[in-house]
Structures are given as structure tokens and as C-alpha cells.
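Chain A is the first sequence line, chain B the second, and so forth, proteins listed ahead of strands; every chain is numbered from 1.
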Protein chains: 2
Amino acid sequence: MASDHTRSAILAAAERLYADRGFGDVTLRDIVAEANVNLAAVNYHFGSKDELIAELFVTRSIATNRERLRELKAAEEAGGGRAPIEVILRALVGPTLRGCLGPENQRSTAARFMIRASIESVPPIRRIKNREIDHLRKFAGAMRRALPDRNEVDIYWGLNFALAMAHHTIRESERLTKLSDGQCDLDDVEDVVARVVSVATMALTAGRTESKASSKVAAR
Amino acid sequence: MASDHTRSAILAAAERLYADRGFGDVTLRDIVAEANVNLAAVNYHFGSKDELIAELFVTRSIATNRERLRELKAAEEAGGGRAPIEVILRALVGPTLRGCLGPENQRSTAARFMIRASIESVPPIRRIKNREIDHLRKFAGAMRRALPDRNEVDIYWGLNFALAMAHHTIRESERLTKLSDGQCDLDDVEDVVARVVSVATMALTAGRTESKASSKVAAR
DNA sequence: GATAGTTTCATACAACTGTTTGAATTGCAA
DNA sequence: TTGCAATTCAAACAGTTGTATGAAACTATC
């Protein structure tokens, strides 16, 4: 059993502080002060600081991955084992974008925490991200089924670029807002999703064997 | 005057260590040991650890930015004030990609350092990156001239996506290699550049007013 | 070769870090 | 209540960090 109260108070406080101030300058003492618990409680309940961070990140990231797979599975079942590429890409980048973007004032601590996690990259989080490959393979498989004529290398590049646009937009959302003088509306998440999906789809469906020769425009 | 020897020994050692082991666990003592100089030398020559990191990053990053602008200017002059969008994008992402990618065994310390700087994000480097907006505005301007019919918001999104693909590919090059079982050849830098430019160009030139309505495929 | 300025050096400093300890307290079962 | 385990707590620990100091060594100028 156990009261669990201390445990979840620490989790909540840590998430809030990391979200606001980053991993770099938040100490265990900051966390326990915010949570109104004793310093030793962190090590008692989580083992170490890194395991606390890992638990925070894992919780949020399996939630996102589950949603991703749910959408993917639903799409493939609806299409008899083969889903349109746009829908696959939407399942890939949608949950991540929805989990991190949206109106700033109503942005959850979880969302702000995940943004931090994608900007700063501390060891415990990096370790978890490295295990994400198997998850991505499932999407690569679905994409291959959706575009059987496409060669495998192009599939991987398309997957890479889709993730690139989503993650970079999250990481650099502030800069994009500033650069565009607020014209790019990062709060309209569905529009962002649509843009990413649209470009990634084009990348994956434009003229065959786009690899070397044909696209080498204007070589210097 | 001054011998400068110590100064540059520190710079070289720091760049090497940061490149290999990241900013997180390289201390001043590691650096001075590698450089065979006294501990106090860092503060004497650079003022602080952060200023040392900043100097390293600034040096490399103004080199890249200068090359970018050189290519941009050359292209616009050759086209009488208006360059093809592909060439502008190539000037934007080419120097960065060429500076970080390429055959791993012959990759310079500078390149490996810049990869680190794009993965981990320490305060002194973040501060410098934030001042990069003026530089990007020049590219936004050139892109607007190249695509006068395109609305401004789409230009910014295209710029954002181009940078996204370049930076993400650098940051996650290892993962892409692993995911594709080595099929994606990150050593062929010009192919990578061509792919990024090709996709970004499509993003910027595909069907007008691609914003909301038309691209909202398969809304959930 | 004395002098003034620069650079190096060993060492100390002061602060902060995550973690551990062992005793106190609490909660629950018998 | 008694007993036992789970939890909390204050305090200390051991280590590391970047930085400061003041004397020593060097370098070049006159």
C-alpha cells in the first residue's frame, strides 16, 4: 500500500519545475521544497534523481506512443491492412504535436515538460529515446505497405523528414513565432499537423527515384 | 602580443573533449589536463567557462553563416536580384550540412563539436542561437523575392521546415542510420542536401493557399 | 641587467551537488 | 496495546564544481 502522497507530490513538483526552468538548474532541493517533502524522499521513492526524470519522461512518452499506435492500427484496420500514407503520417506526428503545442496559456505542465525534454537532452531521457527505434519501425512498415512501389530508402527519408518537421517546430516554436512576427499561428495545432503531413506526403509521393540524379539541381 | 600558445591549446582541447564527450561531463580540469596547462589559465584567458564555450561556438557558427550569405549573395547577383528558390534553400542548408555530416572517420573536431552543440543545448550556446534571427530574415527576404506570389506565412513555414530537416538529420543521423540498417547514406552529403532542398522546394511551390482548407486531409 | 608587464602556477576557497545514515515518527495488524 | 514495517526527517557526507588569490616565472624593453 503506502500513502503515495509524497510520491506524487514529488512527481508533480518536479514536472512543474523542469517545465519552467529546465533540467539544467533544478536541484533536488528545489524539488523537495516545491513539494514540501523531505530531501531524502526522492531517493527513498525513486532511487535517484535520474530515475525520477526517467519516470516522468517514460510516463508521458508511452502515453504518446500508445496514442500513435492506436491511430495507426485503426487506420490500417479500416483500410484492410493498408492505410493511406497521409493517415499514417498523421498518426505519427499528430499525437506528438497535439501533446506539445496549443494555446500557451492553457498549456499543461505535461506539455511544457515534453517541450523541455525535446530541447535539453539529459542522459536519462536520451537513454529512453534510443529505445524508440522499434516503435518507429512499425511506422516504417506501415509506410512500406502504403507505398509498395517506393524504395525503402525513400521511405526512411520520408519518415525522418516528417519527424524532423514535427520536432523542430516544437523545439523552435518560439523562434518561428518571433521570425514571422506572430504570423505563423502555432496555437492552431491542427493546421500545423496538416502542414507537416502535407509536406511529408509530398516528399514520399513525388516523382520516383528522386534520389540522386534528378534532384541534383543547381549543383555548385 | 603574448604567446597565444596556451590560449589555442585550451581551445583545441576543449573542442575535442566537448565533441567526444558532450558538455555535460567535461570539466575545466579535464580540459586543462588535455591541454597541459594550468587550471587558472582558462579563467585568465577567457574569463569563464561559459565564455570559452561561447567563443568556440561563435567561431564555428560565424564561419557557417558567412558561407551561407556568400552563396546567397552570389546566387542573387547572378540572377539579377532574384535567385531560384532551390538555390536559396541550398545556400541555407548546404553549409550547415556540409559542416556537420560526411564520412565519420574523416570528420573534423569542428564538425563533431557542432553536432554536439545541436544535440545538447547549454546556456551560452542557446544565447548565441537566439541572436540568429536577423540572419534568417535575410533568407526569408530572398525567398519572398523568389516567390512573390506566395503568401508570407507559407514562406516562413517553408523556411522552418527546411531548417527542421537539416538540423534534425544532423542531430539524429545515428538513429536514421540504425533505423534504416545503414541503407540511408549519411556520408553522401550532397545527396542529403539535394533531398532536403527538393522537399523544401516542394513545400514552398506546391498548390497555392495550401494553408487550411485544402490540406486538411483525413481529419479525425 | 634592472624593470615593468604579462603569463603561469600551486593552492585554497566557497558553494553546491546527489546520496546516505540512523534515529524518530507514523500507520496498520494482531 | 504491542509489535513490526513503512515512511519521514534532520543532519551529515563525500565529492565535485568553477573561480579567486598571490606568489613565482617568464619576456621584452630600456
Exercise for the section: Look at the side-chain N and O atoms of Thr6(A) and state whether any lies under 4.0 Å from the OP1 or OP2 oxygen of dT7(D). Expected result: no

Handout entry: Between CG on residue Asp154(A) and OG on residue Ser180(B), distance to nearest 0.5 Å
Key = 11.5 Å

Handout entry: side chain to side chain contact (heavy atoms under 4.5 Å, CB included) between Val196(A) and Phe161(B), intermediate numbers included
Key = CA-CA 8 Å; Val196(A) 171; Phe161(B) 286 157; 3.8 Å; yes

Exercise for the section: Could you tell me whether Arg137(A) and Glu152(A) make a salt bridge, using a distance below 4.0 angstrom between a side-chain N and a carboxylate O? Expected result: no

Practice task
Scan side-chain atoms only and decide if Thr64(A) and Glu67(A) contain a donor-acceptor pair under the 3.5 Å cut-off.
Solution key: no

Handout entry: Nearest-angstrom distance from the residue atom CD1 of Ile10(B) to C1' of dC9(C)
Key = 13 Å

Completion exercise
When rounded to whole Å, the CG to P distance for the pair Asp4(A) and dT7(D) reads 9 Å

Exercise for the section: To the nearest Å, give me how far apart OH (Tyr44(A)) and C1' (dC9(D)) are. Expected result: 13 Å

Exercise for the section: Please check if any side-chain donor atom of Glu174(B) sits under 3.5 Å from a side-chain acceptor atom of Thr177(B), or the reverse. Expected result: no

Handout entry: Nearest-Å distance for atom pair CG/P, residues Asp50(A) and dG18(C)
Key = 10 Å

Practice task
To the nearest 0.5 Å, tell me how far Thr201(A) OG1 sits from Arg90(A) CZ.
Solution key: 9.0 Å

Exercise for the section: Specify the separation, in whole Å, of atom NE2 of His5(A) and atom P of dC9(D). Expected result: 11 Å

Handout entry: Heavy-atom protein contacts under 4.0 Å, nucleotides 22-28 of chain D, coded B base, S sugar-phosphate only, - none
Key = -------

Handout entry: Distance-only donor-acceptor check, side chains Ser48(A) and Asn43(A), under 3.5 Å
Key = no

Practice task
In whole angstrom, give the distance that lies between atom CG of Asn38(A) and atom P of dC9(D).
Solution key: 5 Å

Exercise for the section: Could you state the atom-to-atom distance from CG of Asn43(A) to C1' of dC9(D) in whole Å? Expected result: 14 Å

Completion exercise
In numerical order, the residues of residues 23-33 of chain A whose heavy atoms come under 4.0 Å of DNA chain C are Thr27(A), Leu28(A), Arg29(A)

Exercise for the section: Tell me yes or no: between the side chains of Ser121(B) and Arg126(B), is some donor less than 3.5 Å from an acceptor? Expected result: yes

Problem - Atom-to-atom span, CG of Leu39(A) to C1' of dA10(D) - whole angstrom - result: 10 Å

Practice task
Please name the pair of heavy atoms, one in Ala142(B) and one in Glu76(B), separated by the smallest distance, quoted to 0.1 Å.
Solution key: CB-OE2, 3.5 Å

